[in-house]
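FYI, the numbering just counts along the sequence from 1. Both backbone and side-chain heavy atoms feed into the values below; hydrogens, waters and symmetry mates do not.
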Amino acid sequence: MTTTPTTPTTPTPASPTAPPPRDLRDFYENPAVPVASGTPRSIRQARMLARALGPAAGGTRTVVDIGCGDGTAAATAAPFLPGHRIVGVDWSQDALRRARTRVPYAVRGELTGGGLPFAAGSADAVLFSEVIEHLVDPDAALDEIRRILRPGGHLMLSTPNLAAWYNRALLLAGVQPVFSEVSLRGIHGRPGKEVVGHLRLYTARALREFVAASGFEVVRLEGAPFHGVPRPLRPLDRLACARPRLASILLLHARRT
């Protein structure tokens with residue numbers, strides 16, 4: 001889930017009809033909050049995962065899409081993973097209702113509290129697509145992901161890049177970076193319209209170090225474009241993908257040690 005870099009004239013509330021959220025749970029249960037990511041990111045991540053898993057002729061693998069939202073990312077990945085099993089997980093009941101129209105399996109689960117509804121070592125891969133930036137405790141989240149992955153299992157994590165090429169320019173101009181948020185009620189001090197609840201942002205270096213410190217071996221880091229970049233700037237955004245530390249979105253492949 002990400003934000004759109006177009007400048008509003010006034011702060012935009014999370015929902016035009018609902019009252020301000022009392023807490024993060026209220027915020028994410030609001031159907032007006034975006035839960036789907038851009039297709040280019042989903043396709044690039046799916047191709048990375050397909051290369052890592054190999055064909056299903058070698059055995060069906062279980063892929064858990066944590067924070068599946070409305071199931072769009074899992075549905076986009078499915079054609080690249082024929083024969084493998086994709087299970088969507090989210091704690092938002094509204095998101096799960098929508099996800100079940102797109103993926104065969106979608107279950108309720110949380111990264112905190114009682115943990116995910118999977119046995120230790122039962123997953124071959126985890127898709128963790130633009131979720132980590134929304135978490136209060138990302139350390140506990142990666143601990144739980146590591147628990148359900150088999151040894152050598154794959155983590156495919158994506159998140160917005162704090163140091164994206166345009167954010168560097170915005171900071172130099174004294175403007176709040178795209179993807180960052182100071183309120184759940186409106187946009188303040190930066191381009192964009194949508195409030196999506198980002199709590200943490202990573203640079204390429206910080207993401208590598210954080211994942212490695214959590215018991216994973218980083219295999220590869222790639223960049224992906226952001227669907228919300230204004231059309232005239234999209235060719236530049238695609239070019240930036242060749243240098244992940246400048247890209248809009250970070251795509252990280254790691255393996256459980």
Side-chain angles (χ1 to χ4, degrees), residues 1 21 23-31 33-37 42 45-46 48-50 52-53 56 59-78 80-159 196-197 199-200 210-211 214-216 252-257:
M1 293 187 288
D23 55 32
L24 282 174
R25 285 183 178 271
D26 285 349
F27 180 82
Y28 290 119
E29 285 288 3
N30 183 348
V33 173
V35 294
S37 301
S42 298
Q45 193 172 36
M48 290 175 70
L49 181 54
L53 289 180
T60 298
R61 308 293 188 183
T62 298
V63 179
V64 180
D65 182 5
I66 299 175
C68 66
D70 65 2
T72 298
T76 300
F80 297 91
L81 304 168
H84 296 306
R85 181 186 304 108
I86 303 178
V87 182
V89 181
D90 209 294
W91 62 260
S92 167
Q93 295 287 13
D94 179 75
L96 286 173
R97 281 192 291 271
R98 288 180 277 169
R100 288 175 182 136
T101 68
R102 294 182 172 96
V103 294
Y105 309 103
V107 299
R108 193 174 191 277
E110 298 189 45
L111 286 162
T112 57
L116 296 167
F118 300 96
S122 60
D124 297 287
V126 164
L127 278 172
F128 203 41
S129 303
E130 293 169 53
V131 175
I132 198 167
E133 63 270 17
H134 299 270
L135 301 180
V136 173
D137 190 351
D139 302 275
L142 286 197
D143 287 345
E144 180 63 3
I145 289 172
R146 192 172 186 276
R147 181 189 71 80
I148 71 167
L149 277 174
R150 63 171 174 80
H154 304 279
L155 168 62
M156 296 291 174
L157 185 157
S158 68
T159 190
V196 293
L199 303 179
R200 301 185 182 274
F210 172 62
V211 171
S214 300
F216 294 85
L252 183 137
H253 171 204
R255 299 188 69 174
R256 180 191 184 277
T257 56

Indicate the atoms forming the closest heavy-atom contact of [X] with [Y], along with that distance.
X	Y	answer
Ala78	Ile86	CA-CD1, 3.8 Å
Gly109	Leu116	C-CD2, 4.3 Å
Val107	Arg100	CA-NH2, 4.3 Å
Leu142	Phe210	CD1-CE2, 3.4 Å
Asp124	Thr60	OD2-O, 4.5 Å
Val103	Ala75	CG1-N, 4.1 Å

Give a yes or no answer on whether the side chain of [X] reaches the backbone of [Y] with a donor-acceptor pair at less than 3.5 Å.
X	Y	answer
Arg200	Val136	yes
His84	Arg61	yes
Arg150	Ala123	no
His253	Met156	no
Thr257	Gly215	yes
Ser122	Phe118	no
His134	Val196	yes

*Could you name each residue pair satisfying side chain to side chain donor-acceptor pair (under 3.5 Å) that touches residues 136-145, not counting sequence neighbours?*
Glu144-Arg147
Scan the side chains in residues 62-69 for donor-acceptor partners under 3.5 Å anywhere in the protein, sequence neighbours excluded, and list what turns up.
residue, atom, partner, partner atom, Å
Thr62, OG1, Arg85, NH1, 2.8

Mind checking whether [X] and [Y] have side chains closer than 4.5 Å, heavy atoms only?
X	Y	value
Arg256	Leu155	no
Leu111	Trp91	no
Leu199	Glu133	no

_Sequence-distant partners of Arg146, salt bridge (charged side-chain N to carboxylate O under 4.0 Å, His left out), two or more places apart_ = none
*Strictly by modelled atom types, are Glu130 and Thr159 linked by a side-chain donor-acceptor pair under 3.5 Å?*
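Glu130 vs Thr159: no donor-acceptor pair found between side chains.
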*Step-by-step side chain to side chain contact (heavy atoms under 4.5 Å, CB included) determination, Leu127 to Gln45*: CA-CA 9 Å; Leu127 278 172; Gln45 193 172 36; 3.8 Å; yes
*Where do Ser92 and Asp94 land on the side-chain hydrogen bond (donor to acceptor under 3.5 Å, both in side chains) test, with the steps shown first?*
CA-CA 5 Å; Ser92 167; Asp94 179 75; 5.1 Å; no
*List the steps, then state whether side chain to side chain contact (heavy atoms under 4.5 Å, CB included) holds for Leu49 with Phe80.*
CA-CA 8 Å; Leu49 181 54; Phe80 297 91; over 6 Å; no
*Is the shortest distance from a Lys or Arg side-chain nitrogen in Asp90 or Arg108 to a carboxylate oxygen in the other one below 4.0 Å?*
no
